Amino acid sequence: MSLPQNNKQDPEYRRLEREGRVPNPGEHHAVRTEAEEALFKNALGSMELLYSMGNTPVIVLPMDDEVAAGTAYFSRGWCFFEFALAFSFGNIANAEIHPPVDQMRKRAADLKLDTVDGFKEGFQATHFTNKGDEEVVVKLFEQTLHEKARRPTRRWTMTSP
């Protein structure tokens, strides 16, 4: 699963970003098109579903050297959010076979990332590229855990039309 991203490796884009002049969608070859931007924004409003749906395995692929060095993966706002949700719903599929992911799972347990309070406390150390994402992420996490608490036995199923 992936959403269209701006090409942050493009030298001109990086220069514009440093100058605080990131082009609007469709204005530069390194940014999302207007259509991609619309899809991106729509998907962000439901991002929690990927990590919290019952029995949906989530494979976490952090950069091993970042995990070994400390908390680089957890310092990224969306990565922190996604991991915390997958942890909260017991959906992390590769912790048993990938030591860095198991290390992250143990840290998540220590931080109590399966609670709103634990999430909010740990979340303070994160950062985002886009400033408005912080509020979106906290709200999505709270809503998703509150829904889980109200309906702990809910199972998501796919049905044919």
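Just so we're clear, the structure is a prediction, and the values are computed from it rather than from any experiment.
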| field | Worked verdict on Glu134 versus His127 for side-chain contact (heavy atoms from CB on, under 4.5 Å) | value | CA-CA 8 Å; Glu134 292 178 23; His127 68 274; over 6 Å; no

Considering only heavy atoms from C-beta outward, does the side chain of His28 approach that of Asp10 to under 4.5 Å? yes

In this structure, NZ of Lys120 is separated from CZ of Phe141 (nearest 0.5 Å) by 10.5 Å

SB check Glu121 Lys112 (cutoff 4.0 Å)
no

Check your understanding: Is the closest side-chain heavy-atom distance between Phe89 and Asp114 below 4.5 Å?
Key -> no

Here the pair of heavy atoms bringing Val31 nearest to Asn24 is CG2-O, 3.4 Å

State, with a plain yes or no, whether a side-chain heavy atom of Ser88 is found less than 4.5 Å away from one of Leu113. no

For Arg32 and Pro4, indicate whether the former's side chain and the latter's backbone hold a donor-acceptor pair under 3.5 Å.
yes

* Just by modelled atom types, is the Ala125 backbone N or O under 3.5 Å from a matching donor or acceptor in the Ser75 side chain? -> no

Gly118 and Thr115 have their tightest heavy-atom pair at N-OG1, 2.9 Å

Check this for me, if you would: do Lys106 and Asp102 make a salt bridge, where the nitrogen-to-carboxylate-oxygen distance has to be below 4.0 angstrom?
yes

(message) Less than 4.0 angstrom from a charged side-chain N to a carboxylate O is my criterion; do Arg107 and Asp110 meet it?
(response) no

Note: Ile92 and Ala86 closest approach over all heavy atoms is CG1-CB, 3.7 Å

Smallest heavy-atom separation, Val116 atom then Leu145 atom, equals N-CD1, 3.8 Å

key: Val22 vs Leu16 side-chain heavy atoms within contact, under 4.5 Å   = no

Glu96 versus Arg105: any side-chain heavy-atom pair under 4.5 Å? yes

Sorted by chain and residue number, the side-chain contact (heavy atoms from CB on, under 4.5 Å) partners of Ala93 (sequence neighbours excluded) come out as Pro57, Ile59

Applied to residues 18-29, the salt bridge (charged side-chain N to carboxylate O under 4.0 Å, His left out) test, sequence neighbours excluded, yields Arg15-Glu19, Glu19-Arg21

Item to complete: Please work out whether the ring planes of Phe81 and Trp78 are parallel, tilted or perpendicular, with thresholds of 30° and 60°.
Response: perpendicular

Using the ring of each side chain (for Trp, its six-membered ring), is Phe119 parallel, tilted or perpendicular to Phe80, with breaks at 30° and 60°? tilted

Open item on the list: Applying salt bridge (Lys or Arg N to Asp or Glu O under 4.0 Å) to Glu82 and Arg76, what does each step give before you reach the verdict?
Closed with: CA-CA 10 Å; Glu82 294 160 0; Arg76 299 176 62 202; over 6 Å; no

Ring pair (Phe, Tyr, Trp, His ring centres under 6.0 Å) filter on Tyr13, not counting sequence neighbours, yields none

Heavy-atom closest pair (Leu85 atom, Thr144 atom, distance to 0.1 Å) is CD2-CG2, 3.8 Å

His146 (side chain) donor-acceptor with Glu142 (main chain) under 3.5 angstrom:
yes

Ring centers of Phe83, Phe123 separated by less than 6.0 Å: no

Point to revise | Side chain Asn6, main chain Lys8, donor-acceptor under 3.5 Å | key: no

Output for pair (His98 NE2, Met104 CE), nearest 0.5 Å, gives 9.5 Å

**OP:** Check whether any side-chain heavy atom of Gln143 lies under 4.5 Å from a side-chain heavy atom of Leu140, and answer yes or no.
**Re:** yes

